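Numbers here are sequence positions counted from 1. Note that ligands are numbered from 1 as they come in the structure, with each ligand's atoms numbered from 1 the same way. This structure is a prediction, so every number in the text was calculated from the model and none was measured. These numbers come from the heavy atoms of this one structure, side chains and all, not from hydrogens, waters or symmetry mates.
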Amino acid sequence: MSINPKRTVDELKELRALTGDENGAQRVAWTDTWLKARDWFESKLQALPVEHHFDAAGNRWVTLPGASEKALMIGGHLDSVPNGGWLDGCLDVLAGLEVLRRFAEEYGGRPPVTIRLVDWADEEGARFGRSLLGSSAFAGTHSIEADRSRKDRDGIRLEDALRRCGVEIDRFPEAGREQKNAAAYIELHIEQGPVLEGLGLPLAAVLGTKGVERHAITFHGQEAHSGSTPMKVRRDALAAAAKLALEIRAIAGKHPDAVCTMGSLKTFPGIVTAVVGRCETALDQRDLDAAVLARMLKEAREASERFASEEKCTVEWSRIWNIEPVPFHPELIDLCEQAIRETAVVAHRLPSGPLHDAAEVARAGIPVVMMFVQSLQGISHNKIEDTKEEHIELSVLALDRLADKAVKWIQSR
Ligand SMILES: [Zn+2]
């Protein structure tokens, strides 16, 4: 008996039946359903020669001690968005569990290096709007004061919701202790996008998570009567915004993996009988290369000023949020690609648009790589999220291969 990927598929279905309903997965972090999922997961650990505990941020650590204290970490998250899919996050945890079982069995409970499986707390940020909560506490990138008094839709404070689950936000920094002996981190995840399906490939090595520049951009023109104001003299803020909305395609189009999205637009006064005097938009730009990201930002700014002046308007920018790109470890990316080739013949490399816990681990200076498995129709955070079972099984096998390679890599360093 070795790795058994069918068991992973069965366990995913078991978890879906236990914590989902007709609208999808309901394992929102810090809720009873999430705790139920975590209890169910704990029951799976009973037969294994492992130690497990929660750290100060509520991340669960399962440790199979090895001959060396240096640890290979495998991570994922059992929490989901409301009405989520059956694979996002929990595939990572349950595939990791299967790999852990294989190591325990193959080495009689004592692998060459320590193997640690982590179920991160609140990856999704679905309830309080703060993603990567547990992994950022681990990485030391978290700011307690910024999050303490966040509230959910019912007005419950983050601090209180955590306390109900036995987690004190003031103790978050202690989660950093789990970094001790961490030598490498690997994470399997569904792609959540359409690229692999488009290529007809099951698996890819992930190069890193893209950096994000997110800005509010407001165009100011002049409100004026729709009937009496000649076209030539209008100062139409929407016209300037509309030009920018099209131009960002050309700006992103110069770079193979860059994306730019103007996902929100509000017009004022917002009636058909008035020329738009003010138009508020928001722009999200992403790329894995910091220089590309900086160039795209500069080009979008320049374009916005050009379009504002063409429309006799003005424009102002303010940053909503940004995060730097997080490239993964080049040697681990190579090992991931090898593992995929040995399992599925053809490998692909791509950056991740969504953020993942792996990015926080990388920010802590730990060598990291992720593997993506194809998503059907690129859909995620939705009950129709799906991946072919044969691809799920392949992904478990490939993760297992990658774990083996990573163990040897750790031993060689
Ligand atoms: Zn996820």
Side-chain angles (χ1 to χ4, degrees), residues 8 11-12 15-16 19-20 24-31 33-34 37-38 41 57-60 73-97 99 117-139 185-197 203-210 212 286 323 326 328 336 350-363 368-387 391-392 395-396 398-399:
T8 307
E11 288 177 338
L12 283 163
L15 182 65
R16 176 170 63 181
T19 58
Q26 306 298 345
R27 297 181 301 276
V28 176
W30 321 110
T31 65
T33 308
W34 178 62
R38 293 192 125 191
F41 177 68
N59 305 306
R60 186 203 292 274
M73 311 191 309
I74 309 173
H77 59 95
L78 287 179
D79 75 304
S80 75
V81 295
N83 305 329
W86 70 301
L87 299 170
D88 181 357
C90 52
L91 167 63
D92 334 353
V93 177
L94 295 173
L97 174 63
V99 172
L117 178 58
V118 53
D119 166 26
W120 299 110
D122 203 354
E123 191 270 352
E124 299 286 2
R127 185 167 163 196
F128 293 99
R130 198 329 179 170
S131 303
L132 311 180
L133 189 67
S135 53
S136 65
F138 164 85
Y185 174 87
I186 61 176
E187 182 176 332
L188 169 68
H189 206 281
I190 51 167
E191 183 200 341
Q192 303 177 287
V195 175
L196 287 176
E197 190 180 32
L203 300 166
V206 183
L207 296 165
T209 56
K210 290 178 182 178
V212 182
R286 302 186 187 214
I323 186 167
V326 181
F328 294 156
C336 184
L350 81 178
S352 173
L355 287 166
H356 291 285
D357 293 308
E360 290 292 352
V361 180
R363 290 173 83 191
V368 165
V369 73
M370 288 184 76
M371 184 187 290
F372 276 169
V373 60
Q374 189 192 108
S375 290
L376 291 172
Q377 301 174 69
I379 303 283
S380 183
H381 285 192
N382 186 310
K383 69 170 176 181
I384 67 164
E385 166 190 290
D386 206 3
T387 292
H391 287 171
I392 295 176
S395 75
V396 179
L399 182 72

Under a 3.5 Å cutoff, is there a donor and acceptor pairing between the side chains of D79 and W120?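 The criterion, which ignores hydrogens and geometry beyond distance, is not satisfied for W120 and D79.
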
Set of residues satisfying ring-ring contact (aromatic ring centres under 6.0 Å, His included) with respect to F372, sequence neighbours excluded: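 ring-ring contact (aromatic ring centres under 6.0 Å, His included) check on F372 returns H356.
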
Check ring-ring contact (aromatic ring centres under 6.0 Å, His included) between H77 and all other residues, then give those that pass, not counting sequence neighbours.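 H189.
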
Could you list the residues that satisfy side-chain contact (heavy atoms from CB on, under 4.5 Å) with A37, not counting sequence neighbours?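 With neighbours one apart ignored, the set is L15, T19, R27.
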
Report the C-alpha separation of F41 and R60 in whole Å, then their side-chain angles, then the decisive distance to 0.1 Å, and conclude whether the side chain to side chain contact (heavy atoms under 4.5 Å, CB included) test is met. CA-CA 10 Å; F41 177 68; R60 186 203 292 274; 3.7 Å; yes

With a cut-off of 2.8 Å, which protein N/O/S atoms are close to the Zn ion (ligand 1), if we only count those under it?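 Correct list: H77 NE2, D88 OD1, H189 NE2.
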
For a 4.5 angstrom cut-off between non-hydrogen side-chain atoms, does L91 reach I190?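 The answer is yes, as the side chains (C-beta and beyond) meet within the 4.5 Å cut-off.
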
